[in-house]
Amino acid sequence: MHTFGHPVKLDELQKVLEKYNIALIEDSAESIGSYYKGKHTGTFGKFGVLSFNGNKVITTGGGGMILCNDEELAKKAKHITTTAKVPHPWEFKHDMIGYNYRLTNTAAALGCAQIETLDHILKLKRELAKKYQEFFKDSELEFFTEPENCQSNYWLNAIIARDRQQRDELLEYTNKNGVMTRPIWELMNRLPMFENCQTDSLEHSIWFVDRVINIPSAAVIPGYGK
Ligand SMILES: Cc1ncc(COP(=O)(O)O)c(C=O)c1O
């Protein structure tokens with residue numbers, strides 16, 4: 001998963017996956033327009049997925065896209081996501097359990113219009129991130145920047161507080177004063193339906209949950225749509 005649009009350390013990850021013979025599937029829901037060593041995220045693994053949910057860099061209102069370079073696998077993915085219907089002039093036969101996960105024509109049309117704005121949105125998002133970087137330069141709060149050899153879309157800008165107390169104070173202060181900030185996701189094992197699931201110590205996840213705050217990240221295109 002390329003969190004907040006920042007590419008994950010794919011080379012290191014690939015080594016581990018090769019060692020244990022595990023396939024790579026990239027959750028690139030947040031990272032359209034982000035590149036790892038010059039190659040687009042979501043194109044390294046057997047599959048990559050993009051999200052076009054309303055909160056993403058571009059949207060179709062909902063839905064997303066599967067990226068796949070293997071023709072056979074891509075065909076199978078399409079089959080399963082379009083009800084697994086066997087092509088036939090009139091019969092309705094399904095040869096597997098399938099799902100109706102199509103992007104509707106109207107949503108796809110919206111996506112076509114949105115994708116025309118992608119380069120511009122990415123430019124604005126990177127400009128905003130640059131401003132934040134400058135702003136937080138001398139602050140004790142660390143602004144999260146793109147990893148080495150990567151180009152990020154800066155989907156969600158993030159800062160890292162000193163500790164949980166500072167995180168909570170900042171969330172309280174900003175939200176009370178009309179600036180929308182958010183903590184990151186609650187850890188899954190802290191949700192009631194998963195609280196009995198096995199975990200390891202999750203020390204890094206806990207460290208991040210205690211400190212990371214997302215700050216306003218919208219790229220507003222001046223005059224767009226007028
Ligand atoms: C990392 C990640 N994976 C998956 C999803 C789910 O995507 P969707 O809302 O398109 O189902 C999201 C966000 O919505 C996400 O941020």
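All ligand and atom numbering here is 1-based and tracks the order in the structure. FYI, the numbering just counts along the sequence from 1. All of these numbers come straight from a predicted model, not from anything done at the bench.
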Engineer: Is atom 11 (O) of ligand 1 close to the protein, meaning a heavy atom under 4.0 Å from it?
Structural biologist: no
Engineer: Can you list the atoms of ligand 1 that are under 4.0 Å from a heavy atom of Gly63?
Structural biologist: 10 (O)
Engineer: Looking at ligand 1, does any of its N/O atoms fall within less than 3.5 Å of an N/O of Asn55?
Structural biologist: no
Engineer: If we ignore angles and hydrogens, is there a donor and acceptor under 3.5 Å between the side chains of Gln14 and Glu18?
Structural biologist: no
Engineer: Return the residue, atom name and 0.1 Å-rounded distance of the protein heavy atom closest to atom 16 (O) of ligand 1.
Structural biologist: Glu30 OE2, 2.5 Å
Engineer: For the residue pair Lys93 and Glu91, what are the closest heavy atoms and their distance?
Structural biologist: NZ-OE1, 3.1 Å
Engineer: Under 4.0 Å from atom 6 (C) of ligand 1, is there any protein heavy atom?
Structural biologist: no
Engineer: N/O to N/O below 3.5 Å, does that happen between Trp185 and ligand 1?
Structural biologist: no
Engineer: For Glu26, run the side chain to side chain contact (heavy atoms under 4.5 Å, CB included) check against Leu67, Thr41, Leu13, Val8 and tell me which one passes.
Structural biologist: Thr41
Engineer: Return the set of residues passing ring pair (Phe, Tyr, Trp, His ring centres under 6.0 Å) with Phe52 (not counting sequence neighbours), or none when no residue passes.
Structural biologist: none
Engineer: For atom 14 (O) of ligand 1, grab the closest protein heavy atom and report residue, atom and distance to one decimal in Å.
Structural biologist: Lys56 NZ, 2.6 Å
Engineer: Report the relative orientation of the aromatic rings in Tyr36 and Phe44; use parallel for angles under 30°, tilted for 30 to 60°, perpendicular for over 60°.
Structural biologist: perpendicular
Engineer: Please list, in number order, the atoms of ligand 1 under 4.0 Å from a heavy atom of Met1.
Structural biologist: 1 (C)
Engineer: So if I count the atoms of ligand 1 from 1 in the order they appear, which ones are less than 4.0 Å from some heavy atom of Ala29?
Structural biologist: 2 (C), 3 (N), 4 (C), 5 (C), 12 (C), 15 (C)
Engineer: Please check if any side-chain donor atom of Asn153 sits under 3.5 Å from a side-chain acceptor atom of Ser31, or the reverse.
Structural biologist: no
Engineer: Give a yes or no on whether the ring-centroid distance for Trp155 and Phe144 is below 6.0 angstrom.
Structural biologist: no
Engineer: Counting from 1, what ligand 1 atoms have a heavy atom of Asn53 closer than 4.0 Å?
Structural biologist: 9 (O), 10 (O), 14 (O)
Engineer: For atom 3 (N) of ligand 1, find the nearest protein heavy atom and state the residue, atom name and distance (0.1 Å precision).
Structural biologist: Asp27 OD2, 2.7 Å
Engineer: Just jot down the salt bridge (charged side-chain N to carboxylate O under 4.0 Å, His left out) partners of Glu134, sequence neighbours excluded, or say none.
Structural biologist: Lys137
Engineer: Judged by non-hydrogen atoms, does Gly62 sit under 4.0 Å from ligand 1?
Structural biologist: no
Engineer: Can you pull out the closest protein heavy atom to atom 8 (P) of ligand 1? Residue, atom name and distance to 0.1 Å, please.
Structural biologist: Ser51 OG, 3.5 Å
Engineer: Would Glu142 and Arg211 pass as an ion pair if we require N to O under 4.0 Å?
Structural biologist: no
